[in-house]
Engineer: 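I have a structure I would like to understand better, so I am pasting it below and will then ask my questions one at a time.
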Amino acid sequence: MLSFTRRTLLALSASAAIATALPAAAADDIVIGGSIPLTGVFAFAGVGIEAGMQDYIKIVNEAGGLQGRKLRLAYEDTGYKVDASVAAFNKLTSQNTIHLYYGDSTGFAKTINGELDRMGTTIMAGASFATELNDPKAFQYQFMAGPDYSEMTGILLEYIAKEKPGARIVLVNSDTEFGRDPIAATKARASELGLEVVEEIITPPTAVDVSTEVLKLRRARPDYTIFHGYVLAPLPEFMTQAKQLGLETKFMGTFWSMDASIWSKVGEAADGFMGVMPYRYYYDEADNAPMLDRIREMRPEYQSTPYMQGFLTAMLFTEAAKRTLEAGQELNAPNLKAALNSIENFDTGGIIGVPISIPGNSIPVGRIYRYDASAQQMLPASDWISVQE
Amino acid sequence: MKIGTAKHSYQADEALLTTRPQRLWMGLFALGLCIAPFMLDNYWLYLACLVAINVASATGLNILTGYTGLVSLGQAAFMAVGAYTVGWMQLRLGTPFLLNIVAGGIVAAAVGLLVGLPSLRVKGLYLAIATIAASIILHFVFVNWQSVTNGNSGLTLTPATFLGTPLTDYKQLYFVFVPITALMVLGAANLFRTRVGRAFIAIRDRDISAEVLGISLLRYKLTSFAISSFYAGVAGGMWAYFFRVVTPESFPFVYSIFFLAAIIVGGMGTILGAILGAVFMTLVPELLRFGIDWLTPVLPNAAAMLSPVRTIVFGLLIVGFLIFEPKGLAEIVQRTRRYFHLWPFKK
């Protein structure tokens with residue numbers, strides 16, 4: 001005879017409760033998959049990206065979805081490891097029909113590219129702005145929600161050429177694929193704009209002691225120093241030591257080192273740091289930015305730059321799916337990518353300050369911001385700059 | 001109840017599988033491996049391929065560290081050598097993939113011989129540091145030998161082809177990787193029935209005594225490094241065909257720690273230990289994902305909230321095994337076997 005202990009009954013009832021509370025995922029949901037780093041060295045970005053994507057999906061779903069179909073984000077943590085990202089991709093694509101996917105790194109984007117080509121069902125964007133990915137032939141089903149790294153430094157150079165023609169520049173890059181990515185393109189573009197790259201410094205990605213490199217900087221006496229391939233360290237150390245030596249160089253960075261909350265922890269030494277930012281900041285109260293108002297309504301506290309990146313990526317995924325469905329076409333990679341590439345003069349609701357077009361794999365638009373330590377905010381230092389050819 | 005195994009010949013005494021139940025279980029296991037690809041979806045096939053690669057590399061490290069007693073933290077770098085060799089041969093020479101994988105093993109073995117030279121003078125933590133130094137040097141080579149490695153951008157491989165068919169999906173790769181790994185594991189098991197393997201064990205147990213017994217430390221320590229690196233090179237070659245992108249960041253230092261942890265958790269100095277350790281280290285983080293999936297219905301955004309917890313649970317599991325089962329997972333299997341030997345007369 002069967003006999004149940006109280007513990008068994010409790011376990012059974014808990015299981016039943018969970019089973020009945022299964023998510024109301026409809027079969028025709030449009031699923032956005034994601035290999036997102038919620039742990040590991042890139043977790044700070046992953047958390048923001050996930051929140052940004054979820055918020056945009058919520059906005060779309062509250063407005064009725066896409067032709068009555070709800071959007072849903074299915075994602076897994078990757079720890080910013082390529083093998084875990086591929087595992088997450090395989091797990092999610094085995095469990096769901098996924099046509100839109102967010103990838104977390106250049107390594108993953110390159111690794112999964114062959115599979116995307118083979119499947120022909122899914123387009124992908126992600127956290128990587130690698131120049132190599134900005135090739136619509138080699139990476140036909142991928143794109144990035146912003147300028148690639150070479151375009152980012154190109155935007156910086158455009159600004160410099162306008163502010164100080166013939167300026168002397170030092171490039172400081174981390175010794176990684178990420179860090180070395182834009183060096184050749186930056187040098188070539190600088191030469192075209194009549195700027196002089198007087199020194200190249202390569203450091204370990206999280207270098208601590210940079211005194212030798214700062215001495216090189218002193219010898220070079222640049223007007224501008226462009227960092228790339230870092231999030232924060234060793235930038236504050238560079239800036240502090242350079243100020244102590246009386247150097248008047250202006251320090252600049254690219255997207256991943258542009259979050260205001262990171263610099264606010266650095267304090268006074270961060271004052272004056274500049275860089276290229278493809279999106280507006282959370283606190284920007286521009287008139288033509290209803291999406292920022294909506295974000296502030298949903299989340300009263302500051303949201304990071306990765307949040308904006310995730311938000312815009314979800315918006316572009318949605319727009320591609322919307323255009324594909326409106327054309328009465330099947331949701332597959334060729335149709336979705338063609339729909340994405342049909343985006344022209346698109347209003348992002350103020351996330352980007354100018355209308356955008358995506359003829360290829362990137363959105364080569366950005367703006368220079370300067371950190372104001374007293375306001376603890378990144379403030380605009382230029383108008384929006386496009387390097388679209 | 002089994003009370004003993006009578007062996008009537010030296011051949012029977014040396015056999016890898018000595019009892020009928022062992023042969024039966026091994027047969028069932030082999031059968032399971034053969035039919036698994038037809039039962040598994042893409043996700044599990046991916047993990048099966050990854051497990052096969054990691055088992056091959058962990059077995060190699062076990063030969064060096066578990067059986068010869070030489071601690072190495074350079075296994076990932078040796079894998080990278082194999083991966084780059086495969087990538088270079090495929091892109092430049094267009095040679096068949098099996099040849100490339102073997103060549104990857106051979107080049108890694110040659111590098112392993114060089115890296116193993118300090119083992120003649122140092123051991124333990126000192127040797128571990130020497131192998132870390134070798135990893136750093138190799139990383140520098142991968143970044144800067146532009147003409148061969150394509151620097152930081154690395155090499156992008158085309159799929160391996162077999163009789164003109166590109167091996168692009170995981171089922172096809174499974175039927176390549178699993179047999180290669182099975183052969184390598186079988187080779188390792190047989191190695192320890194030979195003079196060479198027993199010399200390794202003698203060196204591990206007491207190197208001075210081994211030398212007194214006539215075992216050349218120079219020869220056998222370097223042989224151990226070469227064999228271990230060969231295994232890593234072959235695993236790296238399979239890895240290259242699996243992910244098809246090889247960059248200097250593909251094989252970080254933490255990957256070497258992963259393999260060392262695998263053989264410690266699985267059980268050092270046993271063939272089964274390296275297999276179980278690699279399976280554990282590869283699959284447990286993935287299995288913990290299902291815990292999060294299970295909680296998702298009752299806890300919205302469980303993945304975002306619980307992913308750090310998953311990492312902590314994985315770490316605690318490793319620490320737990322080290323404390324409660326220091327001889328590794330292989331010992332649990334042995335204990336289970338002993339229990340059934342005497343069943344039903346002993347609990």
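Labels below follow one simple rule: chain letters A, B, ... track the order of the sequence lines, proteins then strands, and each chain is numbered from 1.
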Engineer: Given heavy-atom pairs under 4.5 angstrom as the criterion, report whether the side chain, backbone, both or neither of A:Ala84 touches chain B.
Structural biologist: both
Engineer: Report, in residue-number order, which members of residues 35-44 of chain A are under 4.5 Å from chain B by heavy-atom distance.
Structural biologist: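 Checking residues 35-44 of chain A against chain B gives A:Leu38, A:Thr39.
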Engineer: Chain B heavy atoms under 4.5 Å from A:Glu50: which part of the residue, side chain, backbone, both or neither?
Structural biologist: side chain
Engineer: Is the shortest heavy-atom distance from the side chain of B:Glu249 to the side chain of A:Thr106 under 4.5 Å?
Structural biologist: no
Engineer: With a 4.5 Å heavy-atom cut-off, do B:Pro248 and A:Glu177 have their side chains touching?
Structural biologist: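 They are not in side-chain contact.
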Engineer: Which one of B:Pro308, B:Gly151, B:Pro252 has the most heavy-atom pairs closer than 4.5 Å to chain A?
Structural biologist: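 Looking at each of B:Pro308, B:Gly151, B:Pro252 in turn, B:Pro308 comes out on top.
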Engineer: Would you compute the distance between atom CG of B:Asp41 and atom CG of A:Asn90 and round it to the nearest 0.5 angstrom?
Structural biologist: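 CG of A:Asn90 is found 8.5 Å from CG of B:Asp41.
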Engineer: Would you mind checking which part of A:Val47 comes under 4.5 Å of any heavy atom in chain B, side chain (CB onward), backbone (N, CA, C, O), both or neither?
Structural biologist: neither
Engineer: What residues form a salt bridge (charged side-chain N to carboxylate O under 4.0 Å, His left out) with B:Arg244, not counting sequence neighbours?
Structural biologist: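 For B:Arg244 there are no salt bridge (charged side-chain N to carboxylate O under 4.0 Å, His left out) partners, ignoring immediate neighbours.
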Engineer: Can you name the residues that form a salt bridge (charged side-chain N to carboxylate O under 4.0 Å, His left out) with B:Lys171, not counting sequence neighbours?
Structural biologist: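 Result, salt bridge (charged side-chain N to carboxylate O under 4.0 Å, His left out) vs B:Lys171: none returned.
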Engineer: In terms of heavy-atom proximity below 4.5 Å to chain A, should B:Phe290 be classed as side chain, backbone, both, or neither?
Structural biologist: side chain
Engineer: Apply side chain to side chain contact (heavy atoms under 4.5 Å, CB included) to B:Phe243 and A:Asp83, showing your working.
Structural biologist: CA-CA 8 Å; B:Phe243 290 105; A:Asp83 56 348; 3.7 Å; yes
Engineer: Quick one: does B:Asp169's side chain get under 4.5 Å of A:Glu115's, heavy atoms only?
Structural biologist: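 When only atoms from C-beta onward are counted, A:Glu115 and B:Asp169 do not touch, as no gap falls below 4.5 Å.
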Engineer: Can you measure from CG (A:Asp77) to CD1 (B:Ile292) and round to the nearest 0.5 angstrom?
Structural biologist: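 Interatomic distance, A:Asp77 CG to B:Ile292 CD1, rounded to 0.5 Å: 7.5 Å.
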Engineer: By a 4.5 Å heavy-atom criterion (distance strictly below it), what part of B:Tyr170 contacts chain A: side chain, backbone, both, or neither?
Structural biologist: side chain
Engineer: Need one label for B:Ser153: side chain, backbone, both or neither, based on atoms under 4.5 Å from any heavy atom in chain A.
Structural biologist: both
Engineer: Roughly how far apart are A:Asp181 CG and B:Asn152 CG, rounded to 0.5 Å?
Structural biologist: 9.5 Å
Engineer: Which value, rounded to the nearest 0.5 Å, describes the distance between B:Thr156 atom OG1 and A:Glu132 atom CD?
Structural biologist: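 Reported value, rounded in 0.5 Å steps: 6.0 Å.
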Engineer: Suppose a student defines contact as a heavy atom less than 4.5 Å from any heavy atom of chain B. Which residues in residues 91-105 of chain A would they list?
Structural biologist: A:Lys91, A:Ser94, A:Gln95
